[in-house]
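Below: one structure, written as structure tokens.
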Amino acid sequence: MQLTDRINRIQISPTAAVIAEADKLKAKGVDIADFGPGEPDFPTPDHIKRAAIRAIEENKSKYTPAGGIMPLREAICAWHKRELRSSFEPKECVVSVGGKHSIFNVVSVLVQQGDEVIIPAPYWVSFPDIVKYAGGTPVFVETLPKDGFTVRASAIEKAITPKTKLVIVNSPNNPTGGVVPPEEYERILAVCKKHNVWLMGDECYSHFTYEANKPYSIASARGAKDKVIIIGSMSKTFAMTGWRIGYTLGPEALIQALIKLQSQSTSNPTSIAQYAALAAMTGTMDSVPAMLAEYAKRRKRIVEGLRAISGVICEWPGGAFYAFPDVSAHLSNGGGRSALANSDTEIARMLLDRAHVALVPGEAFGAPGYLRLSYATSLERIEEGLRRLERFFAHAEAAA
Ligand SMILES: Cc1ncc(COP(=O)(O)O)c(C=O)c1O
């Protein structure tokens, strides 16, 4: 079939592909220890569900303004101000169909053929493809485990060229869990301002940080507002992945362009989901620390468990809900511990087929030699998965 160049420039999301493979096996009755999906295993809090039911009963089922209902835009600004010390007004806010849609639209209105977009690697799988779809070129800046996968302002500055349009910072990061410390983030902002480049802060995991790391938004920094674009989402913070509500905060002219794009594409996000999001933004936040406490227990268990496996190196993730171990010692070109496989993708495939463990290979995130395990799953399943991983790598070493 003759398709456009732009669709041929991108691939199906590799995380979606892993989930589909695992689901196929599950449908055949195979018991999978599933570390694949990047979504909370908790239900949406009751007060949010009730608000949606009320919205249905009150027939709030008509078109809304393309950029979202005004009470929700107001509530997002108030929530962001309270939680993350920003100062956006409703005209600087647009509601979209999830954070991914928000990012897609921002890149669509800012990036065109010939533009470069700086993306720290390892990166969330969708960033480069969204940039490519818009005709731009992703430029990767490496982050390292010994730095806690924090991106440095100096590294970003080195990558900036006259073609650079946008820098994307995702903190806490998917897949590494890396958190950019506020001082470094402010240095990144200063670099962006100096070179007249947009800075997009993806805050989808803002409220899932551990130990000394606290929720932080670059929008709270002095002088941020003219160059900073914030992406937020209900998906992770309120366990609302399926509801599809995200938002963008930024300069009014940009927001107007985003609303124009939505008016000619998706129109408004689902009206019912917007009322649910309104309850999330204005109601109790009790569920958030409760989820975080659970993630903290799981993080401890999974990182300790992975570190106990021979040839596996795993840093402590500073945020989000992913462990990102380095398994390169088990690759044929990685120091030859067990020479189990040629790539992490092959290891992930073997783990799914032989050990019935689902996880995402690092190559999908621009990080060959790594695996991503989501610990948004119960402690019992983590224990079971660790047992299978230990056995798998022990066999590999014994066979070597
Ligand atoms: C870093 C990052 N940004 C954005 C998103 C988008 O989430 P959603 O579209 O569900 O809001 C995700 C989801 O996995 C993510 O990991």
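We count ligands from 1, going down the list as the structure has it; atoms in each ligand are counted the same way.
- In terms of protein heavy-atom proximity, atom 15 (C) of ligand 1 is closest to Trp124 CE2, 3.5 Å.
- Checked against a 3.5 angstrom limit, the closest N/O atoms of Thr241 and ligand 1 fall outside it.
- The protein heavy atom nearest to atom 14 (O) of ligand 1 is Lys236 NZ, 2.7 Å.
- Nearest-heavy-atom check against atom 11 (O) of ligand 1 across Ser102, Ser233, Gly232 picks out Ser233.
- Within 6.0 Å of CZ on Arg6 lie no more than 12 heavy atoms contributed by other residues, nucleotides or ligands.
- Classified by interplanar angle (parallel below 30°, tilted 30° to 60°, perpendicular above 60°), the ring pair Tyr216/Tyr185 is tilted.
- At a 4.0 Å cut-off, not a single heavy atom of His101 sits close enough to ligand 1 to count as contact.
- If you number the atoms of ligand 1 from 1 as listed, the ones under 4.0 Å from a heavy atom of Asn170 come out as 1 (C).
- Atom CD of Glu383 sits in a crowded spot, with more than 12 heavy atoms from other residues, nucleotides or ligands closer than 6.0 Å.
- When ring centroids are compared, Tyr295 and Tyr210 stay outside the 6.0 Å threshold.
- Nearest to atom 2 (C) of ligand 1 among the protein's heavy atoms is Asp202 OD2, 3.4 Å.
- Within the structure, the closest approach of Cys204 to ligand 1 falls below 4.0 Å when heavy atoms are considered.
- Aromatic ring pairs are classed by plane angle as parallel below 30°, tilted from 30° to 60° and perpendicular above 60°; the pair Phe365 and Phe324 is perpendicular.
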